[in-house]
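Remarks on the structure that follows.
Here is how names work: the chains are called A, B, and so on, in the same order as the sequence lines, proteins then strands, and each is numbered from 1.
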Amino acid sequence: MKNMKMVDAIREALREEMLHDEDVFLLGEALGGVQGGSFRVTKGLDEEFGKARVVDTAISEAAIGGVAVGAAAYGMRPVVEIMFGSLMPLVADEIHNQAGTLHYVSGGKINCPCVIRTCNWMRIISGPHHCGNIDALWVNSPGIKAVAPSTPYDAKGLLKTAIRDNDPVIFLEYSPLYTKTGDVPEEEYFVPIGKADIKREGKDVTIICYATTVGDALESAELMEKEGVSVEVLDLRTIIPYDKEAIRASVEKTGRVVIAYEGYKTGGVGSEIAAFIAEECIDSLIAPVLRVACKDVPNPSNSILIENISIGKREVIDAIRRVME
Amino acid sequence: MKNMKMVDAIREALREEMLHDEDVFLLGEALGGVQGGSFRVTKGLDEEFGKARVVDTAISEAAIGGVAVGAAAYGMRPVVEIMFGSLMPLVADEIHNQAGTLHYVSGGKINCPCVIRTCNWMRIISGPHHCGNIDALWVNSPGIKAVAPSTPYDAKGLLKTAIRDNDPVIFLEYSPLYTKTGDVPEEEYFVPIGKADIKREGKDVTIICYATTVGDALESAELMEKEGVSVEVLDLRTIIPYDKEAIRASVEKTGRVVIAYEGYKTGGVGSEIAAFIAEECIDSLIAPVLRVACKDVPNPSNSILIENISIGKREVIDAIRRVME
Amino acid sequence: MMLDMEDRLDIYQKMLQIRSSELKMCELFKKGEIVGHMLPCLGQEAIPSTLAKVYAPDDYLVTAHRGGGHYMAKGCDFNAMWAELYGRATGTTKGRGGQIHLMDMSHFAMTGNAVVGQHWGIATGAGFVARKRGKIVVAVGGEGSTNRGIFHESLNMATVQKLPILYVVEFNNNQMGNTCEETTAGTRIANRAFAYDIPGATVDGNDPDAIYSKAIEYVDHIRSGKGPCLLECITGKWTDSVSNIRQLPEVLEKIKSPENDCIARFEVKLRAEGILTDALEKACKNRAQEMLQAALTFAQNSPLPNPSDGMDDVFSQPV
Amino acid sequence: MMLDMEDRLDIYQKMLQIRSSELKMCELFKKGEIVGHMLPCLGQEAIPSTLAKVYAPDDYLVTAHRGGGHYMAKGCDFNAMWAELYGRATGTTKGRGGQIHLMDMSHFAMTGNAVVGQHWGIATGAGFVARKRGKIVVAVGGEGSTNRGIFHESLNMATVQKLPILYVVEFNNNQMGNTCEETTAGTRIANRAFAYDIPGATVDGNDPDAIYSKAIEYVDHIRSGKGPCLLECITGKWTDSVSNIRQLPEVLEKIKSPENDCIARFEVKLRAEGILTDALEKACKNRAQEMLQAALTFAQNSPLPNPSDGMDDVFSQPV
Ligand SMILES: Cc1ncc(C[n+]2csc(CCOP(=O)(O)OP(=O)(O)O)c2C)c(N)n1
Ligand SMILES: Cc1ncc(C[n+]2csc(CCOP(=O)(O)OP(=O)(O)O)c2C)c(N)n1
Ligand SMILES: [Mg+2]
Ligand SMILES: [Mg+2]
């Protein structure tokens with residue numbers, strides 16, 4: 001085991017997969033050179049692998065998406081970067097209509113093994129065009145998988161799996177998590193797509209969360225423990241297709257659910273999870289299914305205002321108290 | 001009252017608003033000339049109002065969206081057309097990041113009164129790039145309103161309201177509804193955005209639906225009546241912001257809910273409605289909240305296959321029976 | 001470089017194959033025997049047929065929505081195409097995509113896409129693979145599709161990366177009813193090449209010899225690693241969509257003249273050069289009809305998909 | 001047409017205002033006194049200052065992310081800008097948008113947008129309004145933003161519709177670290193005008209006289225109803241973002257030479273022509289400092305927004 005930051009774990013996954021398969025290549029804006037990616041994720045990889053495998057592009061998100069689809073269809077494994085989450089709408093057709101339908105509409109004959117990485121800038125003061133929440137953008141897109149890891153271990157293992165997966169995968173990074181450290185095995189490993197992880201066991205309430213909200217949930221669980229409430233923290237890890245069995249098992253055990261997600265509340269990832277529970281697990285429920293999420297407001301560029309529309313421990317604890325009533 | 005097709009009701013709304021305010025103009029692909037819009041919605045309007053007010057454009061969806069935002073910001077009232085729903089991802093940034101945030105991020109100083117009309121081709125054999133379901137695309141976008149009328153009356157009244165609204169409104173048309181007829185008043189009227197309509201009263205089950213599924217729901221209700229089940233049909237009309245009070249009132253009355261929407265089930269509009277109910281109306285529920293929706297499969301270009309993944313009366317009735325168990 | 005006799009006859013044969021197939025498609029659609037969204041390339045047959053002499057069988061071909069002719073010209077499975085038109089399980093996409101999503105990866109052909117312009121970006125992605133594997137990409141779309149931003153992003157990226165891509169524009173001055181006067185700036189689409197300092201030219205797209213000589217020059221340039229080129233082929237399409245054909249026979253009568261019809265015109269030329277004789281013409285036409293008949297028979301005898309088949313293949317492995 | 005003395009001094013004054021304000025912004029950010037995402041236009045001051053002589057006060061101005069200089073040059077509320085940088089309720093967007101979303105519609109200025117390139121489409125929309133109201137639009141963005149497809153779609157649509165838009169490119173050969181060599185095809189961005197058969201030219205963007213003479217020629221063309229033009233201004237930006245400035249003072253020392261610095265160069269020119277004297281220079285600089293001081297005072301004395309204010313204005317009316 002070695003202790004490392006998530007940013008380094010992600011870079012290690014990219015590097016290992018590029019060494020493993022020479023058809024893996026990276027493409028995006030300012031990945032190489034001095035910049036090394038907006039958050040230094042790809043730093044140094046251009047030197048190691050050359051400019052043909054770490055391709056810096058113009059500001060052309062649609063073409064970046066098109067390249068992901070075309071290169072994947074013709075047999076390579078592109079890992080492209082969209083600089084930040086708020087820009088994902090620029091590549092929405094390439095995701096929804098192209099990558100998402102290609103395997104199906106080709107009669108199962110063409111695979112589309114591409115990874116689209118992007119970084120969410122939540123909890124940072126950069127305004128609505130940088131810090132928008134876009135985690136729910138592909139939940140309604142058949143054929144698309146999306147993962148959002150919360151630890152260096154999960155990030156590395158999921159990214160390696162995503163790169164070897166034969167379907168398009170959206171890989172969501174969160175800027176506040178890059179510097180979080182965690183243990184990562186020395187030996188090679190993979191984390192499966194579609195499997196949630198119980199980050200903490202509990203019996204009174206299940207918090208369903210992913211990415212940044214996992215930390216909030218774990219800290220909240222710790223605090224609630226002192227009040228005698230036993231909180232289970234279920235880290236989805238994969239947003240879509242999400243792990244129905246894990247959710248069902250946890251809800252059956254606790255009967256109370258709080259879904260915490262750092263996205264706009266309405267129509268968010270948590271809405272789908274709540275709908276699934278209301279449809280398939282309602283008999284286990286002994287409390288309403290609460291969603292703890294950002295307010296439906298564009299993200300302002302002002303910490304005073306951000307504070308008021310975003311979520312954290314306080315909101316999670318609040319919700320736990322409410323379902324415990 | 002006059003009886004008219006929905007396509008004519010929509011055209012009448014456009015025409016009346018163009019007569020009422022010379023800052024209203026239409027822009028899109030093949031709106032004028034012989035074509036008159038892919039579904040003849042705008043037929044003849046170019047002759048009446050001239051090419052400066054019925055603007056035919058190149059195949060440039062992003063620019064169409066950009067024009068909607070820019071023209072609205074500078075004080076006109078553009079009503080733009082995106083030829084069909086599947087193309088809406090091409091204009092996703094203009095909707096999510098630009099139109100959706102402008103009023104907010106300008107400190108409430110700039111309005112963005114644009115309407116983006118598009119036609120969904122559901123239940124038609126044109127494949128995944130034409131018949132994709134995109135009704136849920138903006139439910140997670142603060143600042144965006146979206147309506148999806150089911151009758152000529154609602155269509156005309158909602159479109160007139162949308163054009164006069166000072167915020168961006170997505171106006172969803174459905175090709176199978178264009179030829180459906182209904183009564184429309186001779187005198188001017190408006191239908192409010194954000195208000196649902198009980199299209200049929202009932203006391204055992206509430207079907208929440210909109211656009212094409214309203215017809216399915218009404219026919220199903222008719223049939224279930226014979227089995228002694230009293231079905232309430234709640235037509236959302238506005239997808240976002242949806243009418244929470246109407247939903248709450250109906251759920252309190254019936255205790256059983258089926259949500260029928262012609263979109264992919266996972267992460268769909270119905271997921272949000274179900275989540276709302278699970279969060280705020282759970283005490284009224286005496287059955288699971290069922291979603292009747294399309295399977296999470298790209299829409300194939302083959303009626304045999306379409307049949308199997310899409311929804312209609314059969315699926316609605318099935319769900320009613322299940323919640324009545 | 002010029003085409004030799006054999007090549008020209010191959011082109012002629014392909015033109016006939018495409019013409020007879022597309023006509024049959026219109027006819028059967030009109031009769032209601034086949035259904036769906038279908039965009040024939042009637043009147044434009046010279047372009048796909050000639051390009052097939054320009055690229056190698058294992059080069060990549062990526063087109064927009066009007067890709068049927070290109071699919072056929074590249075030698076993709078013709079029977080499977082017809083099975084697709086009939087919505088059969090043996091169709092090239094298992095009866096799922098229909099005519100606007102024809103693809104055959106065993107021939108490196110992505111000749112279907114119904115979001116106009118998106119194929120330019122996909123072709124650019126294919127260019128990265130082609131560059132690595134020593135192949136080229138031929139990317140084809142209508143002039144209308146060049147007004148989508150992705151066309152511009154693609155040309156810019158391909159030029160910077162020196163990707164081996166021949167971008168071909170089928171200029172028929174029609175985009176679902178609109179003409180370029182209403183929609184498109186600039187005198188020629190080929191001028192858009194100037195923006196990126198790459199070679200660009202306009203040729204008579206109804207003349208295989210004209211298409212070939214410029215295309216092969218560009219392909220040499222591309223294969224030598226110098227990056228993409230833009231070739232605009234002026235042509236005319238006779239019908240936008242099968243559902244728009246009102247009186248196909250009359251239309252065909254009117255245009256079957258060497259001025260408008262690339263096939264009639266090529267026949268005149270081949271005859272003048274002594275390449276085409278009555279007997280040979282007849283043999284070629286028979287051959288086209290035979291191929292078509294065989295494909296129709298295959299299609300008609302193929303099974304329909306099971307309703308539940310439509311649930312497969314959303315992902316490459318069940319999740 | 002040439003600038004007269006008064007105009008040139010106005011330009012000089014605006015350059016000073018922008019320079020002193022942007023420098024102060026960097027300084028205060030470094031100190032941590034102001035926070036957020038800020039993109040100064042240091043080194044590029046000649047362009048906004050000169051364009052302000054080209055458009056009328058009620059013409060429309062739409063820029064990309066690096067719009068601060070244009071906001072100031074158009075005469076938008078300077079105090080409100082500084083209040084915005086301080087995140088105050090009196091800020092131009094009530095402390096919500098910050099520096100990259102500066103806008104002031106009372107001056108017809110949408111001088112902020114952080115999705116690079118999207119402003120081109122918005123400017124095109126403004127063009128429809130301008131056409132109707134007898135105004136023009138000046139649209140400004142970096143060379144990097146011209147690689148987005150929306151730039152191409154906008155130019156094409158504006159040309160066909162003969163919209164009164166001057167598209168201005170601030171070419172600083174830098175896009176968050178990448179240079180054009182790595183990203184951009186074609187020798188000059190102005191060449192992209194050829195694609196649409198509209199006038200396009202490249203000028204020295206650090207020279208107000210050069211910018212003005214071409215811009216005013218183009219504006220005449222535009223006002224006469226002939227459609228858009230494309231003007232590329234070569235300049236250099238000294239810093240990408242406030243957070244990228246490591247040793248600003250050293251940078252400034254090095255570049256404060258007439259070769260690199262548009263202000264130093266303009267001063268030399270104005271002096272040579274006898275327009276600028278020591279006294280006048282001092283007066284102008286004092287004036288810039290006074291304006292800045294007043295704005296700082298206004299900002300610092302302004303109230304912060306209430307946390308709940310951030311919930312307002314999602315829609316124009318509560319829903
Ligand atoms: C992005 C997009 N916009 C609009 C359409 C509708 N549409 C289908 S074909 C077509 C015209 C295409 O014109 P062109 O590219 O010239 O090709 P042609 O049909 O002439 O071969 C249009 C507008 C579409 N499918 N995709
Ligand atoms: C669509 C988009 N892609 C990427 C970014 C990240 N980004 C912000 S500024 C910038 C560089 C822009 O370069 P240019 O247009 O030349 O303007 P400059 O910053 O040089 O003024 C980039 C890539 C963004 N904000 N939007
Ligand atoms: Mg065309
Ligand atoms: Mg730049």
Side-chain angles (χ1 to χ4, degrees), chain C residues 115-124 127 141 143-163 165 167 169 171 173 175 178-202 226-230 232, chain D residues 115-124 127 141 143-163 165 167 169 171 173 175 178-202 226-230 232:
Chain C
V115 181
V116 169
Q118 295 306 80
H119 72 291
W120 298 122
I122 292 173
T124 305
E143 84 289 349
S145 72
T146 70
N147 290 330
R148 290 269 338 281
I150 184 70
F151 176 71
H152 166 86
E153 295 191 4
S154 295
L155 260 64
N156 183 60
M157 194 181 287
T159 304
V160 171
Q161 294 293 327
K162 293 201 192 310
L163 300 182
I165 308 179
Y167 291 98
V169 177
F171 183 97
N173 199 17
Q175 308 114 45
N178 279 129
T179 62
C180 286
E181 203 192 356
E182 299 161 300
T183 61
T184 308
T187 40
R188 291 258 54 96
I189 302 295
N191 290 355
R192 297 185 180 189
F194 298 164
Y196 319 100
D197 279 344
I198 56 169
T202 304
K226 293 191 193 133
C229 299
L230 176 61
E232 177 183 26
Chain D
V115 181
V116 170
Q118 296 304 83
H119 73 290
W120 297 122
I122 292 173
T124 305
E143 84 290 349
S145 72
T146 71
N147 290 329
R148 290 270 338 280
I150 184 68
F151 176 70
H152 167 88
E153 295 191 4
S154 296
L155 259 63
N156 183 61
M157 193 180 289
T159 304
V160 171
Q161 295 293 328
K162 294 202 193 307
L163 300 181
I165 308 180
Y167 291 98
V169 177
F171 183 97
N173 198 19
Q175 309 112 46
N178 280 130
T179 62
C180 286
E181 203 191 358
E182 300 162 298
T183 61
T184 309
T187 38
R188 290 260 56 95
I189 301 296
N191 289 356
R192 297 186 179 188
F194 297 165
Y196 318 100
D197 282 342
I198 56 169
T202 305
K226 293 190 191 134
C229 298
L230 176 61
E232 179 184 25

Polar side chain donor-acceptor pair, C:Arg192 to D:Asn156, under 3.5 angstrom:
yes

Mutual orientation of the aromatic rings belonging to C:Phe151 and D:His152 [parallel < 30°, tilted 30-60°, perpendicular > 60°]
tilted

Examine distances only and state if a side-chain atom of C:Asn191 and a backbone atom of D:Ala195 form a donor-acceptor pair shorter than 3.5 Å.
no

Counting heavy-atom pairs under 4.5 Å with chain C, the top scorer among D:Ile150, D:Thr184, D:Ile189, D:Leu155 is D:Thr184

Under the 3.5 angstrom rule, does the side chain of D:Glu153 hit a backbone N or O of C:Gly149 as a donor-acceptor pair?
yes

Under 4.5 Å between any side-chain heavy atoms of C:Thr183 and D:Val160, yes or no?
no

